[in-house]
A.B. asks: 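I have a structure I would like to understand better, so I am pasting it below and will then ask my questions one at a time.
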Amino acid sequence: MPAAISCVTVPVDDLQKSVGFYKALGLTPEESDEDSAAFDLDGVYLVLLQRGEFGVYVESVGHGAAGKGSSETILSYFTDSRGDVDALLAKAKAAGAGAVTPAEDDDGSYSGYFTDPDGHIWEVLYDAG
């Protein structure tokens, strides 16, 4: 099996609100129905799935769906410049991100964070190294 991730699925409470947030960031769903929406992020799909449906999948392997406000992952987006980091953080804030941190320098990288409407954490990063 080649080392690659094809899809990241995250649970959402209000699909339409979450789709609206990601549209405000400039993304367009490739597919959607009443329970899910899929965004093609340059060959890796971000799938928003209603929390109840998400629970069906994780319960099949003995897990429970994490509640809103719990984090097990950080989704990272790498930019081409420091200015792109600041611009995307500002766009997330304008779109209604739950939290936005100011970007900071850290050993050659420049990054900040925001949360989507369901509390999923996104890192926006420029690595000068």
A.B. asks: With a 3.5 Å cut-off and no angle check, do the side chains of Ser36 and Asp33 form a donor-acceptor pair?
C.D. replies: yes
A.B. asks: Phe114 vs Trp122 aromatic rings, parallel, tilted or perpendicular, using cut-offs 30° and 60°?
C.D. replies: parallel
A.B. asks: Tyr113 pairs by side chain to side chain contact (heavy atoms under 4.5 Å, CB included) with which of Leu89, Ile121, Leu125?
C.D. replies: Ile121
A.B. asks: Please tell me whether Leu15 and Leu49 are part of a single hydrophobic cluster in this structure, the criterion being side-chain heavy atoms less than 4.5 Å apart.
C.D. replies: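 Looking at the clustering, Leu49 is in a separate group from Leu15.
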A.B. asks: Is the closest side-chain heavy-atom distance between Val47 and Val10 below 4.5 Å?
C.D. replies: no
A.B. asks: Verify the cluster assignment for Tyr57 and Val12: are they in a single hydrophobic cluster under the rule of side-chain heavy atoms below 4.5 Å apart?
C.D. replies: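 In one cluster with Tyr57: Val12, no.
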A.B. asks: Counting neighbours of CG on Asp107 that are heavy atoms of other residues, nucleotides or ligands and sit closer than 6.0 Å, is the number greater than 12?
C.D. replies: no
A.B. asks: If we count only N and O atoms by modelled type, under 3.5 Å, do the side chains of Asp118 and Ser18 hold a donor and an acceptor together?
C.D. replies: yes
A.B. asks: On the ring face of Tyr126, is Arg82 found with NZ or CZ under 6.0 Å from the centre and within 45° of the axis?
C.D. replies: no
A.B. asks: Verify the cluster assignment for Val8 and Phe78: are they in a single hydrophobic cluster under the rule of side-chain heavy atoms below 4.5 Å apart?
C.D. replies: no
A.B. asks: Are more than 12 heavy atoms from other residues, nucleotides or ligands located less than 6.0 Å from atom CD of Glu31?
C.D. replies: no
A.B. asks: Does either side chain, that of Asp127 or that of Tyr110, offer a donor lying less than 3.5 Å from an acceptor on the other one?
C.D. replies: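 The answer is no; no qualifying pair exists.
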